[in-house]
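Written out below as structure tokens is the structure these notes cover.
All chains are named by letter (A, B, ...) in the order of the sequence lines, taking the proteins before the strands, and each is independently numbered beginning at 1. These numbers were taken from a predicted model, which means no experiment stands behind them.
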Number of protein chains: 2
Amino acid sequence: MADFSKPKSMVDQIYLSISKAITTGILEPGCRLVEQDLQKDFGVSRAPIREAIRLLEADGLVVVDAYTKKYVRNLTREDLTDNIPVLACLESLAAKLAAEKITPEQIEELEAINREIQHEFTAGNFAQCAALNFAFHRTFLKVADNKALRRAIRSIVKSTMWLWLTTQYYKNNTIIPSSIAEHGLILDAFKRKDTHLVENQVKEHIENVLDRFLKQSKFDTEGRYQFKMPPGHSVNAAPDI
Amino acid sequence: MADFSKPKSMVDQIYLSISKAITTGILEPGCRLVEQDLQKDFGVSRAPIREAIRLLEADGLVVVDAYTKKYVRNLTREDLTDNIPVLACLESLAAKLAAEKITPEQIEELEAINREIQHEFTAGNFAQCAALNFAFHRTFLKVADNKALRRAIRSIVKSTMWLWLTTQYYKNNTIIPSSIAEHGLILDAFKRKDTHLVENQVKEHIENVLDRFLKQSKFDTEGRYQFKMPPGHSVNAAPDI
DNA sequence: TATATTAATGTTGTCGACAATATGTCAAGA
DNA sequence: TCTTGACATATTGTCGACAACATTAATATA
């Protein structure tokens, strides 16, 4: 059957566009979002722009100051440390649920992804590594097959992980090799069908990844993340909020 | 210092009103939300109404069909079963974090709430019991002091617990006494400073509460929850939300 | 009577305009 | 030079209107 999926609504398109611009670092944290400017960019009136911004606000990607001006949210160290145990807890639940029903084929799928990460890393293609990393976690989240869990995890990933994404991919660091090794441990536990071990390995993996990220990241005296624009992106000076 | 908190914006007020109407059962699941009607109810134009509905949509309280009509979401059995392990996982994380830093005064606060639940139950005031139940959990969530965790739990409670609330408070069932007893076990574990035990007691408590709820609830053949309007509420009216 | 066609209605998506408020500029006076 | 106030500008909040589309009712035709 052909795919007759509806064309996305204006609001959805705007939402996705801005969302992507933020999560890829094109729009810097602290950058203002002015409805009139966006209106021109998208060639529509302000109504759909405003609705899209409301959704971004609900996602935590956009914040509003006391005078109702809108800015791209800038994460603080506290935001990240708060999220560590929550994401670790949810991902390990996903792993536990997945472990109870994962098939050999699905384990092979995970292994293939992990090999691909290794491959892209040696090729120096770090952006691709980050993407595949997400794919790895999405895969066993899919096996877990729990909508509420997916929603909860996506919410956290969406509101915080983009930072990790925008910085990791232009730094040749040690995060990726460590991740690959830890994925290997997780896969071993899956193969042994040791649910408890899977749970713990995933929990530790998430904690490690975020801890490593925190250690190599710069925050200012107020705890705000010091954003560095990836090469190849224009910088539009942004007021600090 | 006086409280100069700004008056809430129109959108916030509308959002809160409709939100409350849904979570308390004044607006039934499956009920349509028509912008023109809401416009009249609130005496404003459609723009702020639409923005508020977008937020409700992001919360999962409102769904949109293929023809972009809006309805109050109706939960299915699957929604609830999916949410059980997630909420149990998050609440037990909250309990764990709280156990590490809770003070005797805060434990006393929790005990006071639990005694109050008992008191309201014997007085037959079940609605109040439900509210105090939420207060109990909110209290140690506050002690845990983790914004990300609060956000995640609130999201789940908001999108699903309203149902639990609306039904529990007009039924004289066994849920409340069991909850009170389990709260007692949790309090004992807090007093012993046994973090691990606290974690497990809370996890079991949440699982039990939701399981008991599922058992006494009616679902149609499609798995949709069979809504029953609490007494004292008119069915279609609603506007005073 | 059943079905196809057309008209009327209901509802959402989008637009442009105006009002309200905050911010920035600049000249006059101390 | 520094403050003060008036004015211009920037930005958001809200409104009413229209277009687009789906739904229902009414009508005509077999």
**Study point:** Value in whole Å for how far the P atom of C:dG13 lies from CD of B:Gln36
**Key:** 13 Å
Exercise for review: Under 4.0 Å between any heavy atoms, over every strand shown, what does B:Leu33 touch: base, sugar-phosphate, or nothing? Just pick one.
Suggested key: sugar-phosphate
Check your understanding: Over how many whole Å does the gap from B:Leu38 atom CG to C:dG10 atom P extend?
Key -> 17 Å
Exercise for review: Mind calculating the distance between OH (A:Tyr67) and P (C:dA22) to the nearest angstrom?
Suggested key: 7 Å
Point to revise | Between C1' of D:dT12 and CD of A:Glu51, the distance in whole Å | key: 15 Å
Review point. Which whole-number value in Å describes the distance from A:Lys69 NZ to D:dG13 C1'?
Key: 15 Å
Exercise for review: Answer with yes or no after comparing the ring centroid distance for B:Phe134 and B:His137 against a 6.0 Å cut-off, counting only values under it.
Suggested key: no
Exercise for review: Decide whether B:Thr81 and B:Glu78 meet the rule of one side-chain donor and one side-chain acceptor closer than 3.5 Å.
Suggested key: no
Review point. Is a donor-acceptor contact shorter than 3.5 angstrom present between the side chain of A:Arg46 and the base of D:dG13?
Key: yes
Review point. Quick one: on DNA chain C, does A:Pro48 or B:Asp37 contact a more 5' nucleotide (nearest heavy atom)?
Key: B:Asp37
Exercise for review: Identify the residue among A:Leu97, A:Ile153, A:Leu149 that makes a side chain to side chain contact (heavy atoms under 4.5 Å, CB included) with B:Val86.
Suggested key: A:Leu149
Point to revise | Options D:dT12, D:dC15, C:dT11, nucleotide nearest the side-chain atoms of A:Lys70 | key: D:dT12
Check your understanding: Could you state the CZ-C1' distance from A:Phe42 to C:dG13, rounded to the nearest angstrom?
Key -> 17 Å
Revision key, fill the gap. With the side chain defined as heavy atoms from C-beta on, A:Arg50 is closest, among D:dG13, C:dT14, C:dT11, to D:dG13
Point to revise | Distance, rounded to the nearest Å, where B:Arg54 contributes CZ and C:dT12 contributes P | key: 12 Å
**Study point:** Closest listed nucleotide, where the reference is the side chain of B:Ser45 and the choices are D:dT14, C:dT12, D:dT12
**Key:** D:dT14
**Study point:** pair B:Arg138-B:Phe136: side-chain heavy atoms closer than 4.5 Å
**Key:** no
**Study point:** Integer-rounded Å distance: D:dC15 P and B:Met10 CE
**Key:** 8 Å
Review point. Looking just at side-chain N and O atoms, do B:Asp79 and B:Tyr225 make a donor-acceptor pair shorter than 3.5 Å?
Key: no
